[in-house]
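As the structure is a prediction and not an experimental result, all values here were calculated from the model. Computed from heavy atoms alone, side chains included, the values below leave out hydrogens, waters and symmetry copies. All residue numbers in this chain count up from 1 along the given sequence.
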Amino acid sequence: MMKFGILGDAKISREKLIPAIQTAGHEIIQIGRRNPDTPSDNPLYDGMIQSSYEDVLADPDVEAVYIPLPNHLHVPWTIRAIEAGKHVLCEKPIALNEAELDQLEAASRASDVYVYEGFMIRHHPQWAWITDVDIGTPHAIQTHFCYPPRPTQDVRNVATFGGGPLYDIGCYAIMAGILIFGGAPEHISCHVEMDGNRGIEKLASGMLIWPQGRHLTFTVSSSSALTQMVHVIGSDGWARLNIPFNPQGATTAQWGQNVLGDDAERMSFPACDQYAIMVADFVAHAKAGAKPDFTHSRTTTKTIDALLSARHR
């Protein structure tokens, strides 16, 4: 069992990671809150010490921390946790640019702790399936991930906090390319519709081109109907994940070789807690003394940086 502390009272922590850590058989002993002098009466925190972020990192009994803070705070607090000797599971995106990631990686190299970016999709069985399904060589990927407008005060709407759908969910489209194609894109283009009042994009579409002319096209939006999908076209067939990123229970997929519609094969994936699987894997690597691998983090960070620079209004 590993003893965790949490930095931040975020919704994803309450709804996903606290249950996942407990499901994976580990204990949360302390939660750091922005206003520790006004403790929450949420029964979810029963048995946990409520304190400041600094107190969590100073607690010698805390072995690992989960960081669900706003995006612009990920690197500063991850580095502080590393310096405190804590293993770190940090929400995505772990960094907002390559300079930040360089600082984090340097701090990691100077320590003996394990650091992991919380892309839970890497642990869902449907992603292992789509990277192995018999469709020949993958040539192209189409993906979309959209959700309706959030309240103005939501941190995802604040530009200085690293807000906007490219940071929030565009990283999942990039991860789809990493998992299916491998490596990193060579050419990047992006077109966006901006939210003029907030200084963030509200709709972004782009193309990422991998070596050997493999294409990924995507659309992400924080002002559209709730939808998500990943569709892969191969040399011998196609495959599609219907809820690729955050299924709430069982989910389905289709695939076929030169067939369409009702003639396609269907796959079903039982409900699973991809967050708990991620936590179990994180703890196993930390206990084994594994060194952090920032290869995926560098590809997503560099690509989002390029998308933001390449966007056309």
Pairwise side-chain contact, [X] with [Y], heavy-atom cut-off 4.5 Å (strictly under):
X	Y	answer
His144	Ser224	no
Val230	Tyr172	no
Ile174	Phe119	no
Tyr66	Ile12	yes
Ile277	Cys272	yes
Met175	His296	yes
Phe294	Thr301	no
Glu186	Ile209	no

Which atoms form the tightest heavy-atom contact between [X] and [Y], and what is the distance?
X	Y	value
Glu91	Leu17	OE2-CD2, 4.1 Å
Ala276	Ala24	O-CB, 3.9 Å
Pro36	Ser52	CB-N, 3.8 Å
Leu307	Ser189	CD2-O, 3.8 Å
Trp77	Glu54	CH2-OE2, 3.6 Å
Ser268	Thr252	OG-CG2, 4.1 Å

Determine whether [X] and [Y] fall in the same hydrophobic cluster, where Ile, Leu, Val, Met, Phe, Trp and Tyr are linked whenever their side-chain heavy atoms lie under 4.5 Å apart.
X	Y	result
Tyr116	Leu96	yes
Leu57	Leu104	yes
Tyr275	Phe4	yes
Leu73	Ile94	yes
Leu179	Val232	yes

Between Asp61 and Gln30, is there a side-chain donor-acceptor contact under 3.5 Å, judged purely by atom types and distance?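 No, no side-chain donor-acceptor pair sits under 3.5 Å.
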Distance-only side-chain donor-acceptor flag, Asn242 / Gln254, under 3.5 Å: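 On atom types as modelled, these side chains qualify, holding a pair under 3.5 Å.
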Would you call Arg298 and Asp293 a salt bridge, using N to O less than 4.0 angstrom?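 Judged by the 4.0 Å cut-off on N to carboxylate O distance, Arg298 and Asp293 do not form a salt bridge.
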Salt bridge or not between Arg33 and Asp9? Use side-chain N to carboxylate O under 4.0 Å.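 Between Asp9 and Arg33 there is a salt bridge, with a charged N closer than 4.0 Å to a carboxylate O.
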Verdict with reasoning, Asp112 to Lys291, per side-chain contact (heavy atoms from CB on, under 4.5 Å): CA-CA 8 Å; Asp112 293 320; Lys291 296 296 183 182; 3.7 Å; yes
How long is the straight-line distance from [atom2] of [Y] back to [atom1] of [X], given to the nearest 0.5 Å?
X	Y	atom1	atom2	result
Met207	Gln142	CE	CD	9.0 Å
His87	His285	NE2	NE2	12.5 Å
Gln153	Asn157	CD	CG	8.5 Å
Arg214	Thr137	CZ	OG1	9.0 Å
Lys202	Cys146	NZ	SG	13.0 Å
Ile135	Asp236	CD1	CG	8.5 Å

Residue pair Ile200, Tyr167: steps toward the side-chain contact (heavy atoms from CB on, under 4.5 Å) verdict: CA-CA 10 Å; Ile200 60 171; Tyr167 278 128; over 6 Å; no
Test item: [X] side-chain N/O and [Y] main-chain N/O as donor-acceptor pair under 3.5 Å:
X	Y	answer
Asp195	Asn197	yes
Lys3	Ile29	no
His215	His139	no
Glu27	Met1	no
His191	Ser205	no
Gln257	Asp134	yes
Trp238	Val259	yes
Ser309	Asp305	yes
Gln126	Met267	no
His26	Ile21	no

If the plane angle is over 60° it's perpendicular, under 30° parallel, otherwise tilted; pick one for Trp129 and Phe269.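 If you compare the ring of Trp129 with that of Phe269, the planes turn out perpendicular.
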With side-chain contact (heavy atoms from CB on, under 4.5 Å) as the criterion, how do Gln228 and Asn246 come out once you've worked through the C-alpha distance, each side chain's angles and the decisive distance to 0.1 Å? CA-CA 9 Å; Gln228 56 183 263; Asn246 56 357; 2.7 Å; yes
side-chain hydrogen bond (donor to acceptor under 3.5 Å, both in side chains) partners of Asp168, counting only residues at least two apart: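 With sequence neighbours excluded, Asp168 shows a side-chain hydrogen bond (donor to acceptor under 3.5 Å, both in side chains) to Lys92, Tyr147, given in chain and number order.
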Consider side chain to side chain contact (heavy atoms under 4.5 Å, CB included). Of Ile169, Thr143, Ile141, which one does Phe218 pass it with?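 By the side chain to side chain contact (heavy atoms under 4.5 Å, CB included) criterion, Phe218 pairs with just one of Ile169, Thr143, Ile141: Thr143.
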Kindly determine whether Met48 and Ile18 satisfy side-chain contact (heavy atoms from CB on, under 4.5 Å), including the steps that lead there. CA-CA 11 Å; Met48 302 178 197; Ile18 288 177; 4.1 Å; yes
Has Asp46 got more than 12 heavy atoms of other residues, nucleotides or ligands less than 6.0 Å from its CG?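 It does: Asp46 CG has more than 12 such atoms within range.
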More than 12 foreign heavy atoms under 6.0 Å from CZ of Arg34: is that the case here?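 Counting neighbours around CZ of Arg34, 12 or fewer heavy atoms of other residues, nucleotides or ligands fall under 6.0 Å, so no.
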